[in-house]
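Read through the structure below, which is laid out as structure tokens, and then see the notes.
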Amino acid sequence: MEVERVQALATGGLHELPAQFIRPAHERPENTKPLEGVTAPVISLSQPHDVLVKQVSEACSQWGFFLLTDHGLSPELIKRLQEVGQEFFALPQKEKEAYANDPSTGKFEGYGTKMTKNLEEKVEWVDYFFHLTSPPSKVNHDIWPKHPPSYREVNEEYGKEMLRQTGVLLELLSEGLGLNKKALATPLGDQEIELEMKINMYPPCPQPDLALGVEPHTDMSALTLLVPNEVPGLQVWKDGNWIAVDYLPNALFVHVGDQIEVLSNGKYKSVLHRSVVNKDRTRMSWAMFCAPPHEAMIGPLPELVNEQNPAKYSTKTFAEYRHRKFNKLPQ
């Protein structure tokens, strides 16, 4: 099936947006400008443990989002991750198409352009590459880019670091709920937790005020750990306003996803966010989704539920949750 790629459109000298990219008036960036003077929380992992637990818990309760610094992830590794991703998207179109996915048949991994079932059939200004990075039993290296040759080595190293970061964050979040360190990791599959890499590529857009790179959504993951390039574009929803997230070199952008909101019975918020695009510059981001195995049963942790605090969410397998989210069915 021939898919029109956004990158190919953008490099073809486009002056006006095709109609399928023009958002309804109430969604357009020109009509929904972010609030000035408000910045998302920045948390350093080098602080005393009790301070860290408190800050992470507050950020996840109030924002569902924060920027993590001093996390021990080497700037050199982040740089290499970004270089190999940029090199893939710079390949000739024909080479990229060899990795094309087909979500209509359930083949999500690979090179793609549309991942949502938007009822108005509006398209987002983004191409992406998506693949599993962990656990090893579910990784299909055949779908990973062969060019550049270092793609696999860099992404395997980055995946190990992301597993470590995920473990640290889940422990902090569990302690913030007043529970033992493994309270969140255990229902999420612990060693079997799935890491999914999605490289988002937002080319220059001729009319950025009319389009969106990614429409407003929450992630169905437990956590999403993201590093962007230096072109800003991420906006998070807080107290009835969009807040633009500034670029902070080498910071990890931490999003709370739907599964942590459910497990915490709503104490932690899955952050609504979107991505805007740029007229002159390419924005890219590398999102690592941390998600439970499909068969995992996810519901509010029993320790958090009592007569005063009834369960706010139903318990179901992650596979069922995914099916409902993809098809825009009630949970």
Side-chain angles (χ1 to χ4, degrees), residues 5-11 45 67-101 109-113 115 124-134 136 139-166 195-205 213-214 224-234 245-255 275-290:
R5 303 300 182 189
V6 174
Q7 188 182 7
L9 270 178
T11 51
L45 205 51
L67 279 70
L68 187 67
T69 61
D70 303 312
H71 40 61
L73 194 60
S74 93
E76 180 57 31
L77 179 56
I78 294 173
K79 182 167 173 275
R80 285 164 59 215
L81 175 82
Q82 295 184 331
E83 283 171 352
V84 295
Q86 287 160 351
E87 284 177 49
F88 171 78
F89 277 97
L91 290 173
Q93 197 58 38
K94 192 175 173 196
E95 275 192 63
K96 292 194 290 257
E97 293 297 345
Y99 299 94
N101 68 0
E109 290 190 82
Y111 173 57
T113 295
M115 216 170 172
E124 299 165 319
W125 190 260
V126 62
D127 294 332
Y128 64 85
F129 199 99
F130 180 81
H131 63 77
L132 261 72
T133 303
S134 194
V139 173
N140 175 11
H141 286 121
D142 293 342
I143 200 70
W144 290 29
K146 306 286 182 289
H147 294 284
S150 56
Y151 184 92
R152 176 169 169 173
E153 178 199 340
V154 171
N155 274 269
E156 286 184 337
E157 188 182 339
Y158 188 76
K160 287 185 186 131
E161 280 295 317
M162 288 295 101
L163 265 182
R164 184 175 69 78
Q165 298 289 343
T166 301
L195 295 188
E196 305 162 350
M197 167 60 82
K198 187 175 179 216
I199 310 173
N200 295 301
M201 197 275 189
Y202 310 97
C205 175
V214 176
T224 304
L225 310 181
L226 179 144
V227 290
N229 71 351
E230 73 287 355
V231 180
L234 177 66
V245 180
D246 295 331
Y247 172 63
L248 185 62
N250 300 313
L252 267 182
F253 290 36
V254 180
H255 300 68
S275 189
V276 298
V277 290
N278 193 286
K279 189 170 173 63
D280 308 305
R281 302 165 76 196
T282 295
R283 170 173 155 76
M284 289 184 73
S285 66
W286 287 256
M288 189 70 88
F289 300 106
C290 313

Give the minimum heavy-atom separation between [X] and [Y], together with the two atoms involved.
X    : Y    : value
F88  : Y111 : CE2-CD1, 4.0 Å
N155 : T133 : O-CG2, 3.9 Å
W144 : N140 : CD1-O, 3.3 Å
L163 : S134 : CD1-OG, 3.7 Å
T113 : D127 : OG1-OD1, 2.9 Å
Q93  : A8   : OE1-CB, 4.5 Å

Please tell me whether [X] and [Y] have a donor and an acceptor in their side chains that are separated by less than 3.5 angstrom.
X    : Y    : value
S150 : R80  : no
N101 : Y128 : yes
Q82  : Q86  : no

*Apply the test ring pair (Phe, Tyr, Trp, His ring centres under 6.0 Å) to residues Y151 and H131: give CA-CA distance (whole Å), side-chain angles for both, the deciding distance (0.1 Å), then the verdict.*
CA-CA 12 Å; Y151 184 92; H131 63 77; 5.7 Å; yes
*Does the R283 side chain pair with the main chain of V231, one donor and one acceptor, at a distance under 3.5 Å?*
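Checking the backbone N and O of V231 against the side chain of R283, a donor-acceptor pair under 3.5 Å is found.
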*Before accepting this row, confirm whether a basic side-chain N of the pair K160/E156 lies closer than 4.0 Å to the acidic partner's carboxylate O.*
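Salt bridge flag = no for E156 with K160.
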